[in-house]
Amino acid sequence: MAQIQVQRQQAAATGAAAPPPPQSMPTQNGMAGGVATGPIPLGSTSLYVGDLDLNVSEAQLADLFGQVGQLVSIRVCRDQTTRRSLGYAYINFTNGQEAARALELLNFTPLNNSPIRIMYSHRDPSLRKSGAGNIYIKNLDKAIDHKALHDTFSAFGNILSCKVATDASGQSKGYGFVQFDTEEAAKNAIDKLNGMLINDKQVYVGPFLRKQERDSSTSNTRFNNVFVKNLSESTADEDLKNVFGEYGSITSAVVMRDGDGKSRCFGFVNFENADDAAKAVEALNGEKFDDKEWFVAKAQKKSEREQELKGRFEQKYQGLNLYIKNLDDTISDEMLKEMFSEFGTVTSCKVVRDPSGVSKGSGFVAFATPEEASRAINEMNGKMIVSKPLYVAHAQRKEERRARLQVQ
DNA sequence: ATTGAGCGG
């Protein structure tokens, strides 16, 4: 296992006094000062084991967990029809001490080369969904594995789940996650470890934010780079500099051009300071130059742009795109298209696959008209294909689905 | 630089 050292960042480098080290180790089981702080069931005998390689069997788990205590039951959860492992299992012990010991001793043990991740079984998903107490760590030394990360952060509170992001070969990607059972523990870990050196690398430790939250917190607020479109073909870099220069100091102004040097009628202007960029957007958006009404706004990052285009794409396919599941593994894109072509013009068609190319048993089919799509739902939903009844419905965006699931 | 996924009988 990786040996970790946490050091204080040199005072000269941070310009701030280092905070004192944590004074005491927290007690077991989410108890602090005798008061339960977290949702961990005291004395629980039931463990959830995730991140399982799909070929891990009950027998392998019995061999491993049986070494620690007496088992009541073991179950690898599987798809009802394919019997393929869902990558998680339940292990039930006769008593809580054994379960606790198994969690402590066996967490991150590799089975079929993949470290397993053990948690107490907690069937109520509300805490998992809320993400409270979840933190993100980046700039981690590659030598730091799951266990080392866990050991480092367990000083701040009870950890429900912990993981270093890894590539297919198990190599660390240099960032990871720690889910504490309380926000207080998470806050404490952030206060104490953000900016510290771990194995000589200065780590960032902060609250976990979903991609969307991150985009809106970082880029929506302040920006230096301005996007301008609907330029006349004759507008050149110099013209942008002149017009935008009225609002502040500019570091660059560029009209984008194709290979022949012909203007693509949009460009970017970068301001030295964000207030000036905002002023320019406010003043120039919608103004007319050479009879062209300029669109002026904060320049989007590539990721934001892609996100927006995706949204538009989905809107365009509203009512036309169908979501298919319970699809037999052997069905290819071409077969799927053929299956649905009798209801109309299939404009796009895709089987969802995992990174190794294995079908995930779901897919999307889009039609040219909403009528064709509706007919396909009526005719194909529930139809037996190879061995299973197909599920066919209108595709929903992820956010819509999440919202619906929360209501139910 | 890199902001998961996830709970049965």
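The sequence lines fix the lettering, A, B, ..., with proteins before strands; numbering per chain opens at 1. Everything numeric in this text was worked out from a predicted model, so none of it was measured.
- Counting non-hydrogen atoms of other residues, nucleotides and ligands closer than 6.0 Å to NZ of A/Lys388 gives a total above 12.
- Using a 4.0 Å heavy-atom criterion, one finds that A/Asn139 contacts the bases of the nucleic acid, with or without backbone contacts as well.
- If you measure from atom CG of A/Leu160 to atom P of B/dA5, you get 17 Å, rounded to the nearest angstrom.
- Between A/Tyr175 and A/Tyr136, the two ring planes are tilted [angle within 30° to 60°].
- For the pair A/Leu127 CG and B/dG4 P, the interatomic distance rounds to 17 Å; values are reported in whole Å.
- Look at CD1 on A/Ile137: it is 13 Å from P on B/dG4, rounded to the nearest Å.
- One interatomic measurement links the two molecules: CG of A/Leu47 to C1' of B/dG8, which rounds to 14 Å at whole-angstrom precision.
- Regarding A/Tyr48, its OH atom lies at a distance of 11 Å from the C1' atom of B/dG8, rounded to whole Å.
- Atoms NZ (A/Lys129) and P (B/dG6) sit 12 Å apart, rounded to a whole Å.
- Here A/Asp51 pairs with A/Arg117, A/Lys163 under the salt bridge (charged side-chain N to carboxylate O under 4.0 Å, His left out) rule; sequence neighbours left out.
- Taking atom NZ on A/Lys201 and atom P on B/dT2, their separation rounds to 13 Å, with Å as the unit.
- Side-chain N/O atoms of A/Arg210 and base N/O atoms of B/dG4 include no donor-acceptor pair closer than 3.5 Å.
- Between the side chain of A/Gln60 and the main chain of A/Ser57, a donor-acceptor pair closer than 3.5 Å is present.
- Relative to the side chain of A/Met119, the nucleotides B/dG6, B/dG8, B/dT2 differ in distance, and B/dG6 lies closest.
- Taking every side-chain heavy atom of A/Phe177 into account, B/dT3 is the closest of B/dG6, B/dG8, B/dT3.
- Nearer the 5' end of DNA chain B, as judged by each residue's closest nucleotide, is the contact made by A/Tyr175, out of A/Tyr175 and A/Gln179.
- Within the 4.5 Å cutoff, the side chain of A/Leu127 has heavy atoms near those of the A/Leu160 side chain.
- Spacing between atom CG of A/Asp51 and atom P of B/dC7 amounts to 12 Å, rounded to whole angstrom units.
- Checked against B/dT3, B/dG4, B/dC7, the side chain of A/Ser161 finds its nearest nucleotide in B/dG4.
- In this structure, A/Phe208 and A/Arg210 have side chains that are in contact, with non-hydrogen atoms separated by less than 4.5 Å.
- For A/Arg117 and B/dG6, the shortest distance from a side-chain N or O to OP1 or OP2 is not below 4.0 Å.
- Taking 4.0 angstrom as the limit, A/Lys211 places a side-chain polar atom (N or O) nearer than this to OP1 or OP2 of B/dT3.
- Aromatic rings of A/Phe180 and A/Phe156 (six-membered ring for Trp) have centroids beyond the 6.0 Å cut-off, not under it.
- With distances taken from any side-chain atom of A/Asn134 to the nucleotides B/dG9, B/dG4, B/dT2, the minimum falls on B/dG4.
- For the segment residues 79-92 of chain A, the set of residues with a heavy atom within less than 4.0 Å of an atom of DNA chain B comprises A/Tyr88, A/Tyr90, A/Asn92, in numerical order.
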